[in-house]
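Notes for the one structure printed next.
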2 protein chains.
Amino acid sequence: MTDTRNTRADVVEAAGRLFAERGYHGTSMRDLGRELGLHGSSLYSHIRSKEDLLVDVVQRAADLFQASAQRAMAAPGNERDHLRALIAGHLDVLLDHVDEARTFLNEARALDAANRGRVLEARDGYERTFRRVLADGKTAGIFRPDLDPVVTGILLLSVLNSVDRWYRPEGPLDRDQLVDAILAFTLDGIALPGG
Amino acid sequence: MTDTRNTRADVVEAAGRLFAERGYHGTSMRDLGRELGLHGSSLYSHIRSKEDLLVDVVQRAADLFQASAQRAMAAPGNERDHLRALIAGHLDVLLDHVDEARTFLNEARALDAANRGRVLEARDGYERTFRRVLADGKTAGIFRPDLDPVVTGILLLSVLNSVDRWYRPEGPLDRDQLVDAILAFTLDGIALPGG
DNA sequence: CCTACCGATCGGTAGG
DNA sequence: CCTACCGATCGGTAGG
């Protein structure tokens, strides 16, 4: 029980936790104060508005996802390797920063138009990296020639973005097996080869 | 501009619309009244509480999904056919009843424990139908022998449940092509056959 | 379905 | 970071 004062980072982190759990509109400033052991009104010495907190949480997630994509693409290998690295990196961000990631994915609509626009741009840039790998892998003859990079990118990200809703590290799959399972599903599907 | 009185069904429908758009906690009873052209307090001649509305919306979605799964399984054909029917039926519910479906998928956490439990049970029963088809198709030699029905069911439903976030009927894919694209992705993946 | 409210809670400010 | 508030809004009720 250390009871030093809270920093802005502490406040943002706790906000992420509550926003992810109950949603932005389901979290009051007094809830957040209680989480940190102080009065709701005291939060305003760290921030200017509740929406500021949402912006900070969401921005942090956006940065993490972007950095992950950059690392994945900087690694050596062909498009198949890059795709695996993108998947693994995405799951690392999603599972190691669940609160920020969930808030980024689910609470953007609570932002005002300008900030929401920035989130959508960030998502779009991130999605473009997936699309590029898929398109390049198709050109390189690694992926199917009839593959649609736009649709496929969306389908894959749908799978990835839902993982936090069901995956439990105590369960039968460890993180590597999870990545392999999703990669196998994406690459080979479920039908018998040549069926 | 007909201005007959609203029925309970009208109220539930409008609630679904707003809950899907802004979330349960992002919707006030006065917002909902405005949507229907009456005062927030007047809604209480139709309902007893705001949560009642959420329960109704979510229950309607649960019923639609369950009925869809039953129809899909009652149709003739093998497991591959049943899987296609499950996918097509799911997308019909999701896209023809977006508001109820979205609320069902995203706003369950706003329910109290008992009602949330019922939603989770409904989802679980629905998911079991998918698992059964996958397991039976594996036994029948239609799907891969190494297929994990639990994980695969989750991955497929992740894809399906995200469709309303990106699919636009005015876009390049009509509904049948959408079903085919998702079925192809699920069955065959993106790798070159024999790659 | 409206008018006229209720107590509770909301995000936020002033002043220390 | 606390105390003491602010006006606005919340879900909901009483009585017509």
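Chain identifiers are assigned alphabetically (A, B, ...) following the order of the sequence lines, protein sequences preceding nucleic acid strands; residue numbering begins at 1 within each chain. Just so you know, these numbers use all the heavy atoms, side chains as well, and skip hydrogens, waters and symmetry mates.
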Atom-to-atom span, CE of A/M29 to P of D/dC2 - whole angstrom: 13 Å

Main-chain N/O of A/A75 paired with A/H82 side-chain donor or acceptor, under 3.5 Å: yes

Check: A/F104 main-chain N/O paired with A/R123 side-chain donor or acceptor under 3.5 Å: yes

Touch class at under 4.0 angstrom, heavy-atom based, for A/S41 against every strand present: base

Check against side chain to side chain contact (heavy atoms under 4.5 Å, CB included), A/D96 and A/L64: CA-CA 10 Å; A/D96 295 334; A/L64 287 166; over 6 Å; no

Validation row: B/R60, B/V12 side chains within 4.5 angstrom (heavy atoms): no

d(CG, A/L43; C1', C/dC10) in whole Å: 14 Å

Nearest-Å distance for atom pair OH/P, residues A/Y44 and C/dC10: 11 Å

Phosphate OP1/OP2 of D/dC10: any B/S28 side-chain N/O under 4.0 Å: yes

Separation of atom CZ in A/R30 from atom P in D/dC2, rounded to whole Å: 13 Å

Nucleotide forming a Watson-Crick or wobble pair with C/dG7, both distances under 3.5 Å: D/dC10

Separation of atom CG in B/L38 from atom C1' in C/dC2, rounded to whole Å: 10 Å

Nearest-Å distance for atom pair NE2/C1', residues B/H46 and D/dG11: 17 Å

Nearest-angstrom distance from the residue atom CG of B/L32 to C1' of D/dC10: 14 Å

Distance, rounded to the nearest Å, where A/L53 contributes CG and C/dC10 contributes P: 15 Å

Opposite nucleotide pairing with C/dC2, Watson-Crick or G-U, both atom distances under 3.5 Å: D/dG15

Sugar-phosphate only, base, or nothing, as touched by A/H25 at under 4.0 Å among non-hydrogen atoms: nothing

Check: B/R48 side chain, D/dG12 base, donor-acceptor under 3.5 Å: no

Under 3.5 Å side-chain donor-acceptor pair for B/T139 and B/D136: no

Distance below 4.0 Å between B/S45 side-chain N/O and C/dC1 OP1 or OP2: no

